[in-house]
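Let me give you the structure first, and then I'll get to my questions.
When reading the values below, keep in mind they use all heavy atoms of this one structure, side chains included, and skip hydrogens, waters and symmetry mates.
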Amino acid sequence: MRACFLRTPAKVETNPLEYGEYPEPEPGDGEVLVRVKVCGVCRTDLHVIEGELPSKVSPVIPGHQVVGVIEKLGPGAKRFAVGTTVGIAWLHKTDGTCEYCRRGEENLCDAAQFTGYSVNGGYAEHIVAPEAFIYALPSGFSEQQAAPLLCAGIIGYRCLKLAGAARGEKLGFYGFGAAAHVAIQVARHWGVKVYASTRDAKHQRLAMELGAQWSGGTLEAPPAKLDAAIVFAPAGEIVPAALQALRKGGRLILGGIHMSPIPSFGYDLLYEERMIRSVANNTRRDGEEFLSLAAEIPIHTKVRVYPLADVNNALNALKNDAIPGAAVLQVGS
């Protein structure tokens, strides 16, 4: 099969992904073989490719926002029929037996495997995945529109749940990329007022188009104290500014899998019962809840499509904040 794969982590400016032939996988017990149609490009992919996350396997095929069609069932697989269009997300598999899995926190499983990181992902014509960890996709979405829902959407939804902003409350977004442009649509559906802080003017405009109360620069103070805030950008220097923007008892959610060092800040920013909490991965329940909600709203994703062979250009555009919304690779027809 044709695939884009990484041999050695490197800056995306060096175009480190190779496009070429790669052995086609075979589904094992309880797995399915999926013919990939599209795959979203995520900032987590950047962290994998540039080595900001420690390497798990080499070579590796990145990509974890996969929409495709089941072509073959492995032994014992019977949840979906051949020909079914499905989605494959970041959480590839958990052990199901550890203390975290047993109490419904499979996103924290110590033995978890992740699509496009510890196992091969969707920057390829075929992918295998356990049938228990893939998603039935709601109707009403094109393949390209559905891809960003599978990580940007699901992680954004988990961030919103942990932020706990209620109808009429003020919620800050720091960074306005793929996850934020989906999350704002959920927040607005819930009657939450969104204040967007982001460095790029085109992302500020997109936030306003999607219903933000206000948009400004990344470290610019919003015009009102916030009940909660979500940091989507992987920049640690945002944390003190976001704390400064919170009311007493406000909640700060860090939505990324990687962040640059957080600078030292005075205890007064955290005092008065302000809280900081990180988000780690997602549960299957998060995914199922969000996809149902996405169809109900319905969510409209803004995408820029690249051919699979052009993946290095897509990654460079993402790194340089040149994509309003989300990037999606067109892999198959």
Would a hydrophobic clustering, with Ile, Leu, Val, Met, Phe, Trp and Tyr connected at side-chain separations under 4.5 Å, put V67 with V69?
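No, no single cluster joins them.
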Donor on one side chain, acceptor on other, E106 and T283, under 3.5 Å: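 Side-chain D/A pair, E106 to T283: absent.
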inquiry  = If the threshold is 4.0 Å, N to carboxylate O, is there a salt bridge linking R284 and E288?
reply    =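 Judged by the 4.0 Å cut-off on N to carboxylate O distance, R284 and E288 do not form a salt bridge.
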Is there a donor-acceptor contact under 3.5 Å from the side chain of N282 to the main chain of I155?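 Looks like no, no N/O pair under 3.5 Å.
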Any donor-acceptor pair under 3.5 Å linking the side chain of R251 with the backbone of A228?
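Judged by distance alone, no pair lies under 3.5 Å.
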ask   = Are any of the side-chain heavy atoms of E125 and V36 separated by less than 4.5 Å?
value =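 A side-chain contact under 4.5 Å is absent here.
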- Task: Please tell me if the side chains of V32 and P27 come closer than 4.5 Å, counting only heavy atoms from C-beta onward.
- Result: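 A side-chain contact under 4.5 Å is absent here.
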Residues K11, E13: salt bridge by 4.0 Å N-O rule: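 Salt bridge between K11 and E13, a charged N being under 4.0 Å from a carboxylate O: no.
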Is it the case that the side chain of E131 and the backbone of R79 share a donor-acceptor pair, with hydrogens and angles ignored and the cut-off at 3.5 Å?
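Such a contact is found between E131 side chain and R79 backbone.
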N312 and P16, any side-chain heavy atoms less than 4.5 Å apart =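 Side chain of P16 against side chain of N312, heavy atoms only: contact under 4.5 Å found.
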Flag yes if M1 and V34 sit in one hydrophobic cluster, no otherwise; membership is Ile, Leu, Val, Met, Phe, Trp, Tyr, and two members link when side-chain heavy atoms are under 4.5 Å apart.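 M1 clusters together with V34.
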Next item on the list: Look at the side chain of Q185 and the backbone N and O of H181, then say whether any donor-acceptor pair between them is shorter than 3.5 Å.
Entry: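 Yes, Q185 side chain to H181 backbone: donor-acceptor pair under 3.5 Å.
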Q. Can you tell if the side chain of R158 reaches within under 4.5 Å of the side chain of I154, non-hydrogen atoms only?
A.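 Sidechains of I154 and R158: no contact.
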> Do NZ/NE/NH1/NH2 and the carboxylate oxygens of R205 and E209 come within less than 4.0 Å?
Replying inline: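 E209 and R205: not salt-bridged.
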Near R304 CZ, under 6.0 Å, is it more than 12 heavy atoms from other residues, nucleotides or ligands?
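Enclosed.
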**Asked** Quick one: are D45 and H64 in side-chain contact, heavy atoms under 4.5 Å?
**Response**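 Heavy-atom side-chain distance check passes, below 4.5 Å.
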Residue K319 excluded, over 12 heavy atoms near NZ under 6.0 Å: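 Yes - once you tally the heavy atoms of other residues, nucleotides and ligands closer than 6.0 Å, there are more than 12.
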Practice prompt. Sorted by first residue and then second, give each salt bridge (Lys or Arg N to Asp or Glu O under 4.0 Å) pair with at least one member in residues 62-76; sequence neighbours left out.
Written response: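 Listed once each, the pairs are E26-K72, R35-E71.
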Treating R43 as the side-chain partner and A179 as the backbone partner, does any N or O pair qualify as donor plus acceptor under 3.5 Å?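 Flag not set: sc R43 to bb A179 has no pair under 3.5 Å.
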Q: Kindly indicate whether the side chain of Y22, heavy atoms from C-beta on, has any atom under 4.5 Å from the side chain of C4.
A: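 They are not in side-chain contact.
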* Asked: Which hydrophobic side chains are connected to L53, either touching it within the sub-4.5 Å cutoff or through other members that do?
  ->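 Grouped by the 4.5 Å side-chain rule, V48, W90, L91, F114, Y117, F133, I257 form the rest of the cluster around L53.
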Do the side chain of Q204 and the main chain of S215 share a donor and acceptor less than 3.5 angstrom apart?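 Such a contact is absent between Q204 side chain and S215 backbone.
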I'd like to know whether E169 forms a salt bridge (charged side-chain N to carboxylate O under 4.0 Å, His left out) with K193, so could you lay out the CA-CA distance, the side-chain angles of the two residues, the decisive distance to 0.1 Å, and finally the verdict.
CA-CA 6 Å; E169 288 195 328; K193 299 174 183 178; over 6 Å; no
Report task. Could you check L171 against W190 for side chain to side chain contact (heavy atoms under 4.5 Å, CB included), going step by step and ending with a plain yes or no? Result -> CA-CA 12 Å; L171 175 65; W190 288 345; over 6 Å; no
query: For D200, which residues count as a side-chain contact (heavy atoms from CB on, under 4.5 Å) partner, sequence neighbours excluded?
result: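 Here the qualifying residues are K202, H203.
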Would you say I88 and L308 are hydrophobically clustered, going by side-chain heavy atoms of ILVMFWY under 4.5 Å?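 Yes, one cluster joins them.
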Give a yes or no on whether L150 and V128 share a hydrophobic cluster (residues Ile, Leu, Val, Met, Phe, Trp, Tyr; joining criterion: side-chain heavy atoms under 4.5 Å apart).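 Unlinked, L150 and V128 end up in two clusters.
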Is there a donor-acceptor pair closer than 3.5 Å between any side-chain N or O of N107 and the backbone N or O of N281?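 Looks like no, no N/O pair under 3.5 Å.
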Could you walk me through whether V41 and Y123 pass side chain to side chain contact (heavy atoms under 4.5 Å, CB included), step by step? CA-CA 9 Å; V41 180; Y123 291 6; 3.6 Å; yes
**Study point:** A89 backbone acceptor or donor facing T115 side chain under 3.5 Å
**Key:**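 At least one qualifying donor-acceptor pair exists.
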Original post:
Within the distance-only criterion (no hydrogens, no angle test), does the side chain of N120 pair as donor or acceptor with the backbone N or O of I61 below 3.5 angstrom?
Top reply: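 Flag set: sc N120 to bb I61 pair under 3.5 Å.
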Test: salt bridge (Lys or Arg N to Asp or Glu O under 4.0 Å). Region: residues 211-239. Which pairs qualify, not counting sequence neighbours?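 Output for this query lists D227-R247.
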request  = Please examine the side chains of F290 and L160, heavy atoms only from C-beta on, and report whether any two atoms are closer than 4.5 Å.
outcome  =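 No, too far: nothing below the 4.5 Å cut-off.
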Q. Does the side-chain hydrogen bond (donor to acceptor under 3.5 Å, both in side chains) test come out yes or no for T301 and Q145, once each step is laid out?
A. CA-CA 6 Å; T301 54; Q145 296 288 319; 2.7 Å; yes
Original post:
Given the rule in the side chain to side chain contact (heavy atoms under 4.5 Å, CB included) test, do K93 and V119 qualify, once you have shown the distances and angles that lead to the verdict?
Top reply: CA-CA 10 Å; K93 189 178 182 180; V119 299; over 6 Å; no
Would you give me the side-chain donor-acceptor pairs under 3.5 Å for residues 262-273, sequence neighbours excluded?
| from | atom 1 | to | atom 2 | distance (Å) |
| --- | --- | --- | --- | --- |
| E272 | OE1 | R274 | NH1 | 3.4 |

In the single-linkage hydrophobic clustering (I, L, V, M, F, W, Y; side-chain heavy atoms under 4.5 Å), do I297 and V192 co-cluster?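 Yes, I297 connects to V192 through the hydrophobic network.
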Judged by atom type as modelled, is there a donor-acceptor pair below 3.5 Å linking the side chain of E24 to the main-chain atoms of H126?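 Not at all, since once roles are kept as given, no pair shorter than 3.5 Å links the two residues.
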| said: I'd like to check the salt bridge (Lys or Arg N to Asp or Glu O under 4.0 Å) partners of E18; sequence neighbours left out, ordered by chain and number. | reply: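 Per chain and number, E18 pairs via salt bridge (Lys or Arg N to Asp or Glu O under 4.0 Å) with R7.
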